[in-house]
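Computed from a predicted model, the values in this text were never measured in an experiment. We number each residue from 1, following the sequence as shown.
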Amino acid sequence: MTKIVILTGAGISAESGLGTFRDTGGIWSQYDLTEVATPEGFARNPALVHAFYNARRKNAAEAIPNAAHAALARLEQALPGDVLIVTQNIDDLHERAGSRNVLHMHGAITRAKCAACAHEWDAPMEMRADDPCPACKAPATRPDIVWFGEFPYHMEAIWDALRAADLFVSIGTSGSVYPAAAFVQDAGRAGARTLELNLDPSENIHDFDEARQGPASVLVPAWVDEMLGR
Ligand code: OAD
């Protein structure tokens, strides 16, 4: 029995048509992250932040899972209970491909949250700054996204899983945002073998035991076939 923790980033959804953040022409070259992905930016201009995430929500809803998402779902089905996906992505392509054991450490574009009372619910396709919270009625609704300066979700469960992992695989992430960028070291220290599957070498490629370069739609199905002995 091999316990596998898989970290995914924007690169796994790139071939589904969702833009990455830091590649040439990426989201952070088109938008100022301090304006659209921080609590301070939201306080200054909630309409701008909602417009940004409304566009992300529409793109994500229109996207379809690619061969890499499907391969990870196949791995989980073949090894039930032994595969955990920790994703930095806010899209739901892992779930729509069939993965069930998924932790969204940076939140989910399909969910809304009240900044006043912390109530959470399914986000409508278009959110507006003056939408009232369904629970407390405060006009303080925000996307349920973890912004820069906020603490990621599920961290205790993630660190527990990294400590228990035999294999840690990082897919489609530049390794530039913490704490996710340190997971390879956390898992390695706990004795896991570590593997990177990414289009370009990541910032922390030297922390991995092995790294393979190429598109996720090719590398991930091939790696899953290896894992399943096919
Ligand atoms: P980045 O945009 O930083 O990195 C994407 C990585 O995916 C790059 O290293 C690319 O080489 C790789 N890549 C691109 N296309 C690929 C493909 N077809 N197959 C495989 N790899 C590919 O995105 P993340 O690392 O996910 O956080 O960014 C981490 C966090 O920074 C995000 O969750 C987001 C962002 O700011 C928040 O907004 C809180």
Would you sort out whether Arg100 and Glu76 count as a salt bridge (Lys or Arg N to Asp or Glu O under 4.0 Å), showing the intermediate values?
CA-CA 8 Å; Arg100 290 290 163 263; Glu76 182 185 328; over 6 Å; no
Glu62 and Lys58: salt bridge (Lys or Arg N to Asp or Glu O under 4.0 Å), yes or no, with the steps?
CA-CA 6 Å; Glu62 288 167 359; Lys58 183 167 178 290; 3.2 Å; yes
Which is it for Arg56 and Glu126 under the salt bridge (Lys or Arg N to Asp or Glu O under 4.0 Å) test, yes or no, and what are the steps along the way?
CA-CA 10 Å; Arg56 307 264 82 71; Glu126 289 266 323; over 6 Å; no
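Cluster membership for Val86 and Val177, using ILVMFWY side-chain heavy atoms within less than 4.5 angstrom, is not shared. Cluster membership for Ile158 and Leu84, using ILVMFWY side-chain heavy atoms within less than 4.5 angstrom, is shared. Hydrophobic clustering of Ile, Leu, Val, Met, Phe, Trp and Tyr side chains at less than 4.5 Å, counting indirect connections, keeps Val169 apart from Leu7.
In the model, Gln88 has no side-chain atom that pairs as donor or acceptor with a side-chain atom of Thr8 under 3.5 Å. Donor-acceptor pairing under 3.5 Å is lacking for the side chains of Thr110 and Asp92. Looking only at atom types and distance, the side chain of Glu95 has a donor-acceptor partner in the side chain of His104 under 3.5 Å away. Checked by atom type, the side-chain pair Ser13/Asp91 shows a donor-acceptor distance below 3.5 Å. No hydrogens or angles considered: nothing links the side chains of Ser174 and Glu203 as a donor-acceptor pair under 3.5 Å.
Rounded to the nearest 0.5 angstrom, Arg22 CZ and Asp200 CG are separated by 13.5 Å. Arg57 contributes atom CZ, which lies 6.0 Å from atom CE of Met127 (distance to the nearest 0.5 angstrom). Within the model, atoms CD1 of Ile90 and CZ of Arg111 stand 14.0 Å from one another, a figure rounded to the nearest 0.5 Å. Remark: Met155 CE to Leu162 CG distance equals 7.5 Å, nearest 0.5 Å. Here the straight-line distance linking atom CG of Leu93 with atom CG of Leu72 works out to 11.5 Å at 0.5 Å rounding. Here the straight-line distance linking atom OG of Ser202 with atom CD of Gln213 works out to 8.5 Å at 0.5 Å rounding.
Across all non-hydrogen atoms, the minimal contact from Cys114 to Cys136 is SG-SG, 3.7 Å. The two residues Ile85 and Ser99 come nearest to each other via the heavy atoms CD1-OG, 3.4 Å.
Ionic pairing of Glu156 and Arg163 is not present here: no N-O contact between side-chain nitrogen and carboxylate oxygen is shorter than 4.0 angstrom. Using a 4.0 Å cut-off between charged nitrogen and carboxylate oxygen, Arg189 and Asp207 do not count as a salt-bridge pair. Using a cut-off of 4.0 Å between Lys/Arg side-chain N and Asp/Glu carboxylate O, Arg193 and Glu210 are scored as salt-bridged.
Using the six-membered ring where Trp is involved, Phe183 and Phe168 have ring planes that are perpendicular, over 60° apart on the 30 and 60° scheme. Taking the six-membered ring for Trp and thresholds of 30 and 60 degrees, Trp28 and Phe52 have nearly parallel ring planes, at less than 30 degrees apart.
A centroid separation of 6.0 Å or more is found between the aromatic rings of Tyr153 and His106.
The environment of CZ in Arg212 is crowded: more than 12 heavy-atom neighbours from other residues, nucleotides or ligands sit within 6.0 Å.
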